[in-house]
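Worth saying up front: this structure is predicted, and the values here are computed from it rather than measured. Heads up: numbering here begins at 1 and tracks the sequence.
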Amino acid sequence: MMVWATRALLTSLPAMGVAFLSPQRRSNVQLDHPSTNIKGAPDAHIRTFPSLFSKRTTSEELIPREILFGNPENTSPILSPDGKNLAYLAPSPNGVMNIFIRNLLANGEGDKSKDRMITNEPKRAIRSVAWAYDSETILFMNDFDGDENFHLFAVDALGDDDDGTIPTPRDLTPGKDVKAQNIITNYRYPNEILVGTNQRDPKTFDMYRLFYKTGEMHLDTFNPGDVIGWKVEDESFEVRGATVRNEVDSSTTIRIRQSGDAVNNDESETEWKDVFHFPYGEEGGLIDFCADGGKTGYLTSSLGRETTALLKVDLISGETIEEIYANDKCNVGGITLHKDTKELRALSHNYARTERVFYDRELEKDYDFLKANGPNPDAEVGVVSRTQDESKWIVNYFQSDGPTAYFVYDKPNQAITPLFVSNPKLLQYKFAPMEDVRIRSRDGLELVGYLTRACTEGPSPLILLVHGGPWARDYWGFDSRAQWFANRGYATLKINYRGSTGYGKSFLHKGDGQWGVGDMQHDLTDSVKWAINQGIADAENICIYGGSYGGYACLAGLTFTPDLYKCGVDIVGPSNIKTLLDSIPSYWAPLRNGMLLKIGDVDNDAELNERISPLFHVDKIKAPLLIGQGANDPRVKQAEADQIAFSMQEKGIPVEYVLYPDEGHGFARPENRIDFNARSELFLAKHLGGRAEEFVEVKGSTAQFPLLEKKGGDVA
């Protein structure tokens, strides 16, 4: 069984920037001649100048933004179940990520010259791809200009295209404002898919059984309104597990039924029963059913402990059969089960770096071989795809100072063959290693952070790069933003502040009620002070930069600690928590009360909302702010950016604002991503004194400038 879904966009947003609109702080950046009449261009070019540091951690030359933030040349490779073909994502001739097919030869590498493009999305990149189990059909998802209403599409992967015709994808989940998720395939049922959609009710996701070859689809499992996730038993391919969220107390319940077949079974077997309960503050969930008809299963649970443990449980009585594994410092992470026997093969956990625990000696030998034969001893190895018989794998090697490399692993012959590098143009440059660090908060809490230095000696300007969520976390690995910053002369610090996930229930809920003026923001402040005290950061040149919650943290940093930061970059960040929650998508309704418990009851406490919402504290802002926003963002609406940008402009506080009408929660189109990063780079250079490439208009970018338009400025 394979489960896949749309990629979340709120935790890893690309770096971006904007036009200069008002007087700014004095800077040591050297300016050349005035710019030519480029739409929305900054008011001056910034000339690159000799190295600020004696020993750079990255290439001495400027690494081009287009290489750092443009499309990868190849990514997301996935083997067909029969092993005969490889699908992957790559840019089409017009520069949009589309799906390509390679007919594999015996060595697993194939003939690149005969790779075929089987989709032709003209504007919006495809970001998720999978094979159906017929080994002939490709499934993929896409939304519409960032609205996150992802539809499921199918396209013929093996059609005869001697005439160069690209097949037309079929929309399997059509309808305006319909969103598909929770997509599950099963090799025992190669012509069927289970998919959740909100086509019946925008607020809830029912499960449908979809026959993708014909497009026939019928309701399989009705959502009574409180189910936020489903689980499927493999042998029967029936929906038998439901994750339920109580909208009143935000507790979570796992419901189980013994059969999904109401025709051939009595009511007692098809009736849903509440089996496991997690009060608010606890963590856990159903992982999978065991191969015994669904009588037992695997569950994660924090009940009676700080971090989640992996348990084997009785799905009828709810009793624990065995506590299999737990780590005292962090939650159980990825879990690998045998596809047929459901025996546990391996699991992972990640406090600062990924660590694995093996229960299958043969699998452990495979990983040992792959680790020993990889391109870099410090790289983390992962399995991307396997054939149905598991004789051939696609593996990736993930490192912090270079691009991801993909290999084909021939398991029977214990051989690995290079497939491709995601972005080979990066190989010509030197990148900085990412260090995992430990920081003590003011109340003694240990925080895991990730530091990318700009120089090996002495302090440098620092960018505090704040992750979104906030109920997410940062990880070790190659980060194009951190490398970009390091190459321009800025150290980068990413921190898993309290409220981040993966570190147990107490760490997560220490963030409750701590937005803006509380301990979540204090952790960020303490991390900056740590970097200053360690001689890493120049105290006079600190920028706070982030997207989504990270954007909110930027606004909070500038309003509540105005003397700490020289400037800030806010990407799709909320400025008023009450208006944020009043405008979230309707299908987030079961989660809303939980958000109030974590943030604070801004519905009934106007004073609290005013205290933690940066919009009400604009007068305190001293540092210049740059804002980037997608007009179609369904999570953080455009109004969140508009209201603080216009308020700052009216009060004469330096603010710059770029709006992209064809983007949502983050900038998916490379033209917009590169455009905003170019503006951001000049903004940072002006205020922090680093290096910058010359601004060049990006063809195809849709950047708009609401503040300039209101003032009647020249944006032509």
Pair [X] + [Y]: ring centers closer than 6.0 Å:
| X | Y | value |
| --- | --- | --- |
| F398 | F478 | no |
| W230 | F205 | no |
| Y88 | Y406 | no |

NZ/NE/NH1/NH2 to OD/OE distance under 4.0 Å, [X] and [Y]:
| X | Y | answer |
| --- | --- | --- |
| E671 | K699 | no |
| R188 | E235 | yes |
| K231 | D288 | no |
| D143 | K179 | no |
| D675 | R65 | no |
| D479 | K494 | yes |

Heavy-atom donor-acceptor pair, [X] side chain to [Y] backbone, under 3.5 Å:
| X | Y | value |
| --- | --- | --- |
| N142 | R124 | yes |
| S400 | G477 | no |
| N373 | F369 | yes |
| S135 | D82 | yes |
| S548 | G550 | no |
| H151 | V178 | yes |
| Y549 | W471 | no |
| E121 | M97 | no |
| S422 | P72 | no |
| Q428 | K425 | yes |

Problem - Spacing of CG belonging to D366 relative to CG belonging to D368, to within rounding of 0.5 Å - result: 9.0 Å
Handout entry: Nearest-0.5 Å distance that lies between atom CZ in R481 and atom CZ in F69
Key = 8.0 Å
Fill in the blank from the handout: When every non-hydrogen atom of N94 is compared with those of P122, the smallest separation belongs to ND2-O, 3.5 Å
Exercise for the section: Work out which heavy atom in L310 is nearest to a heavy atom in L347; give both atom names and the distance. Expected result: CD2-CD2, 3.8 Å
Problem - Within 6.0 Å of CD in E66, more than 12 heavy atoms from elsewhere - result: no
